[in-house]
Amino acid sequence: MAVLPILQFEDKIAETVAENPVVVIIGETGSGKSTQLSQILHRRGYTRSGAIAVTQPRRVAAVTVARRVAFELGSRLGEEVGYAIRFEDRTSDKTCIKYLTDGCLLRESLSNPELNQYSVIILDEAHERSLNTDILLGLMKRLINRRSSNLKVLITSATLDGVKVSRFFSGCSVLNVPGTLFPVEKLYSTERPTNYVECCLKTALDVHVREPPGDVLIFMTGQDDIDKMVFKLEERIQNLEEGSCMDAIVFPLHGSLPPELQIRVFSPAPPNCRRFIVATNIAETSLTVDGIVYVIDSGFVKQRQYNPSTGMYSLDIVQISRVQADQRAGRAGRTCPGKCYRLYPRTVYDEEFLDATIPEIQRSSLAGSVLYLKSLSLSDIDILKFDFLDPPSRESLEDALRQLYLIDAIDENGQITEIGKAMAELPLEPSLARTLIEANELGCLSQALTVTSMLSAEVAIRPTHSKNKEKKRKQSFSKLPDGSGWGDHIQLLQVYESWDRADYDPNWCTDNELQVRSMTFSKDVRKQLSQIVQKIGKGSLDVESGMRQKKSDKDYKKLRRALCRGYGNQLAERMLHHNGYHTLGYRSQLVQVHPSSVLEADEDGQLPDYVVYHELINTSRPFMRNVCAVEISWVQPILKKLEKMNIDKLSGGSGASENTETIENKTINSPMQAVDASGTPGSLDSKIQAARERYLARKAKR
DNA sequence: GAGCACTGC
C-alpha cells in the first residue's frame with residue numbers, strides 16, 4: 001500500500017503540536033488524517049498522560065476508522081484502540097486511542113466538563129459543521145484556556161474554512177496536508193435547465209453513449225425525483241440500439257431505502273456494464289461509492305431549516321454551496337481522473353453559490369443545545385455570548401430560552417432548574433425529556449418511555465384509515481391500532497405495544513409496513529432511556545409496567561396530561577367555526593392538523609379544542625405533525641406562564657451590554673405583547689380570557 | 001387531504 005501523504009509530515013505535525021495548544025490540519029480526502037493523526041501522537045508519547053479522543057460526525061465512521069487503526073497497530077479492537085457510539089462502548093481501561101461520535105463526547109463532557117481523561121482531542125471532519133461539532137469547538141476554545149494540564153486540540157478542516165477556524169482560535173497554526181485525489185474536469189452548462197430531471201437524464205445518456213467505461217453518480221434532491229429518474233433512465237437505455245454501447249444498470253440511493261437495497265451500490269459492475277447511481281446528498285459524505293468516474297451535479301439539495309420567529313420547520317430545495325459542489329465533483333476522482341457535469345453555468349457557481357453551506361447551528365431549533373450548555377453550569381458563560389464559530393442569531397437563542405422556560409427547564413431569570421438538570425441527562429429533545437419527568441410524577445412512566453422512544457426514532461406509520469371507499473378493501477387487512485381517536489402519540493404507543501405482543505418479531509414490522517430499522521432503533525432508545533431514568537430515580541422506577549395490559553381511555557388520560565406538560569411550548573387551540581388551529585405561544589401561527597394524523601373529530605365533525613403537536617412543518621401549508629388531544633384545564637397553567645414570560649429576564653439581563661439600537665428595539669417590542677392569529681397585537685391576559693370565552697361558548701352550544 | 005434531505009445523544 002502506498003505511503004499516506006500525511007506520514008511525510010509526521011515531524012512537522014509533531015513539532016507544531018508540541019509548540020501549540022491548538023492546531024488546524026487541512027487535509028483533503030485520502031490524506032489519511034483520520035487514521036494517522038492519532039497514531040502519530042501516540043508514537044510521540046501523548047498517550048502517556050491521557051487518552052487521545054477523535055470525534056467523528058457519524059457512527060459508521062467512528063467504528064470503521066477505529067477498526068482500521070486497531071488493525072494497523074496490531075491490537076484487538078476495544079483494547080488499545082476502541083470506539084464509543086450510542087448504544088455501544090467498545091473501550092476498556094487499556095484504551096488510549098478512542099474514536100467517538102461528537103455527540104458522545106458532548107455526553108462525556110456533561111459528567112466531566114474538563115475532559116481530564118484526554119491529553120489530546122481531535123475534532124475530525126470539522127468542516128462538516130455538525131451542530132455537535134460547533135458546540136465542541138466553542139467548548140474547546142474555552143477549555144484550552146482553563147485546563148491546567150497540557151491539553152492539545154487538533155481540528156481537521158477542508159481547504160476553504162481553515163483560515164476561519166484558525167482565526168477563531170486566535171490565529172493558531174494551520175498545516176496543509178495534500179490528498180490523493182485525481183484531477184476532475186468540470187464541465188458547466190451554458191444556462192440553467194428549466195427541468196432539471198430531464199436535463200440530468202439527457203446528460204446521463206450522453207455520457208453513456210459517448211464516454212469510455214466508468215460509473216456515473218447523479219446528485220438529485222429527493223426520493224421522488226430519484227424514482228422518476230431511475231424509471232426514465234432505464235426506459236431510455238432499453239430503447240438504445242442494441243450493440244451501440246455497453247450495458248447499464250441503474251440504482252437509486254437515498255436514506256429511506258432499506259439497508260439491503262442501499263448496499264447494492266457497493267458491489268462492482270458486471271463486465272461490460274456501466275452503473276448509474278442516482279443519489280441524494282447521502283453520497284456526498286456518508287456513503288462512498290467506488291468506481292465513480294463521472295458525476296452529474298444538479299446543483300440543488302433539499303435542506304431542512306428552522307425559522308425561530310415562527311417556530312416552524314420547512315424542507316426547502318436550495319442551491320448547494322461551492323464547498324458542496326467541489327465535494328460532489330471530488331467523488332469522480334477517487335480512482336482515476338474524472339469528469340463532473342455541472343448543470344449550471346460557471347457564473348452561477350462563482351457568483352450565486354454561497355462559499356459554504358449554512359452551518360446546522362444556524363438552521364436548527366436550539367432549545368436542546370442551550371439546555372445542554374446551561375446544564376454544564378459554566379458560571380463564567382452567558383449563553384447569549386457563548387463563543388460560537390458562527391453564532392446563531394439572537395432571535396434563535398431567545399426562542400430557545402422561551403421554549404425552555406415554558407417547559408420549566410429554566411426559571412424566569414434564565415437559571416437552569418432541577419427539572420432542567422434532569423432533562424439534560426436524557427438523550428431526547430427537551431419536550432420529550434420534560435414529558436418523561438412529568439409522566440414519572442403522574443405514574444405513567446412506562447408508557448411515556450415508549451412514546452418518546454417512538455418519536456425519537458421517527459417511526460413512520462402508513463395510513464390506517466381512510467374515508468375513501470376504494471381503499472376500504474385494503475383497510476380490512478389493517479391490524480394496526482389507530483390511537484383510539486386521541487391522536488398520533490397514542491397510536492405510536494399502541495403500535496409499539498402490539499410489536500411487544502408479537503415478541504418483537506421483525507416480520508411483524510414488515511407485515512405492517514413499518515421499517516424494521518426504525519422500530520429496532522426505538523427499542524434501543526427505550527432501553528437506554530429506561531437505564532438512565534433508573535439511574536436518576538435510583539433504581540426504584542417502574543419502566544416496564546402494563547406493556548401487555550388492555551388500556552382504557554383513563555389510562556391514556558395520564559399520558560396525555562404528561563404530554564401536555566412536556567409540549568407546553570407546542571400547544572394549539574382550535575378556531576371557533578372550523579377545524580383550523582392557532583398555536584398558543586409567543587407568536588401565534590395559523591396551522592392545520594397534518595392529513596396523516598389519526599386524531600379524530602367528534603360526532604359533529606369537530607376536532608378537539610386543544611392539542612399539543614410534536615412539530616410544525618411548512619410544506620404546502622403550515623401543518624402540525626403528530627398531534628395529541630389535551631384538555632383546557634391542563635393548558636391554563638401554561639398560558640399563565642406564557643403571560644409572565646419576560647425575555648429580558650430570561651436572557652439574564654445580558655441585553656444591557658448590547659448596543660443601544662437593540663435596547664431601544666427591545667423596549668418598543670415588549671415581549672409581553674403577543675401577536676394573535678389575525679396579526680393584531682393583544683395582551684396575553686386578554687388572549688387567555690378570549691380562549692376561555694370561546695371554550696365556554698362551544699360548551700354551551702353542545 | 002399530504003408526501004420526508006441527512007446526521008446524532
Side-chain angles (χ1 to χ4, degrees), chain A residues 55-62 84-89 100-111 125 128-136 219-227 253-257 262 279-287 298 300-305 313-318 320 324 357 359-361 363-364 368-369 371-372 375 423-430 432-433 452-453 456-460 462-463 465-468 471 515 518 521 524-525 528-529 531-532 579-580 592-597 599 601 615 617-626:
Chain A
T55 69
Q56 295 290 331
R58 276 172 297 280
R59 299 160 54 103
V60 259
I85 57 174
R86 188 176 188 177
F87 311 133
E88 205 183 346
D89 185 349
L100 72 178
T101 50
D102 44 21
C104 267
L105 190 64
L106 280 179
R107 284 284 137 190
E108 288 187 2
S109 156
L110 206 52
S111 50
E125 315 287 0
E128 288 192 23
R129 305 295 305 277
S130 75
L131 183 57
N132 289 338
T133 299
D134 268 19
I135 292 167
L136 281 171
F219 283 104
M220 308 204 66
T221 59
Q223 188 178 345
D224 273 5
D225 287 350
I226 288 173
D227 290 345
L253 181 62
H254 52 82
S256 41
L257 215 57
Q262 275 188 18
T280 60
N281 50 338
I282 195 172
E284 232 170 62
T285 47
S286 308
L287 297 178
S298 64
F300 291 102
V301 67
K302 209 179 268 186
Q303 210 170 59
R304 186 177 150 99
Q305 18 216 14
Y313 282 95
S314 58
L315 206 57
D316 307 319
I317 291 173
V318 298
I320 58 172
Q324 230 173 335
T357 310
E360 210 184 335
I361 200 161
R363 295 188 275 121
S364 327
S369 303
L371 178 62
Y372 171 83
S375 75
M423 285 166 61
E425 295 285 321
L426 296 161
L428 286 172
E429 299 160 49
L432 298 181
T452 52
S453 307
S456 188
E458 294 181 329
V459 173
R462 66 171 166 72
H465 67 304
S466 169
K467 280 160 199 142
N468 190 332
K471 289 183 185 162
Q515 287 205 357
S518 55
F521 188 80
D524 287 338
V525 174
Q528 186 194 27
L529 292 175
Q531 286 165 351
I532 296 170
N579 279 336
Q592 297 215 304
V593 174
H594 196 275
S596 67
S597 176
L599 184 74
E615 134 181 295
I617 178 112
N618 197 352
T619 47
S620 56
R621 272 190 277 175
F623 288 112
M624 300 183 281
R625 275 187 56 207
N626 288 319

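Just so it is clear: chains get the letters A, B, ... in the order the sequence lines come, proteins before strands, and each one is counted from 1.
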For atom CE of A/M220 and atom C1' of B/dC6, their distance in whole Å: 17 Å
Indicate yes or no: at least one non-hydrogen side-chain atom of A/V318 is less than 4.5 angstrom from one of A/V301. yes
Report yes if at least one side-chain N or O of A/R621 is closer than 4.0 Å to OP1 or OP2 of B/dG1; otherwise report no. no
Quick one, A/Q515 and A/V459 - any side-chain contact, counting heavy atoms below 4.5 Å? no
Looking at every strand, decide which applies to A/Q223 at a 4.0 Å heavy-atom threshold: base, sugar-phosphate, or nothing. sugar-phosphate
Whole-Å distance separating the CD atom of A/Q305 from the C1' atom of B/dC6: 13 Å
Rounded to the nearest angstrom, tell me the gap between atom CD1 in A/I617 and atom P in B/dA2. 14 Å
Distance check: side-chain N/O of A/T101 vs OP1/OP2 of B/dT7, anything under 4.0 Å? no
When the distance from CZ of A/F87 to C1' of B/dC9 is rounded to whole Å, what number comes out? 8 Å
Looking at every strand, decide which applies to A/Y372 at a 4.0 Å heavy-atom threshold: base, sugar-phosphate, or nothing. nothing
Which whole-number value in Å describes the distance from A/L426 CG to B/dC9 C1'? 11 Å
Using a heavy-atom cut-off of 4.0 Å across all strands, would you classify A/I282 as base, sugar-phosphate, or nothing? sugar-phosphate
Nearest atoms (heavy-atom pairs only) where A/A424 meets A/L371: N-CD2, 4.0 Å
Quick one: closest heavy-atom pair of A/T221 and A/F300, and the distance? CG2-CB, 3.6 Å
Would you mind classifying the nucleic acid contact of A/S130 as base, sugar-phosphate or nothing, using non-hydrogen atoms under 4.0 angstrom? nothing
Atom-to-atom span, CG of A/L110 to P of B/dG8 - whole angstrom: 20 Å
Decide whether A/E128 and A/T285 meet the rule of one side-chain donor and one side-chain acceptor closer than 3.5 Å. no
Of the listed nucleotides B/dA5, B/dA2, B/dT7, the one nearest the side chain of A/F623: B/dA2
Does A/N132 reach a base, just sugar-phosphate, or nothing at all? Heavy atoms under 4.0 Å. nothing
Quickly work out the A/Y313 OH to B/dA2 P distance and round it to whole Å. 23 Å
From B/dA5, B/dC9, B/dG1, nucleotide with atom closest to A/R107 side chain: B/dC9
Pair A/S314-A/D316, side-chain donor/acceptor within less than 3.5 Å: yes
Mind checking A/R58 for me? I need base, sugar-phosphate or nothing, with any heavy atom below 4.0 Å counting as a touch. sugar-phosphate
Short side-chain N/O contact from A/T285 to OP1 or OP2 of B/dT7, under 4.0 Å: no
Between B/dC9, B/dT7, B/dA5, spot the one nearest the side chain of A/R86, thanks. B/dC9
By nearest nucleotide on DNA chain B, pick out whichever of A/H254 and A/P427 is the more 5' one. A/H254
Distance check needed: B/dG8 P versus A/L432 CG, whole Å only. 19 Å
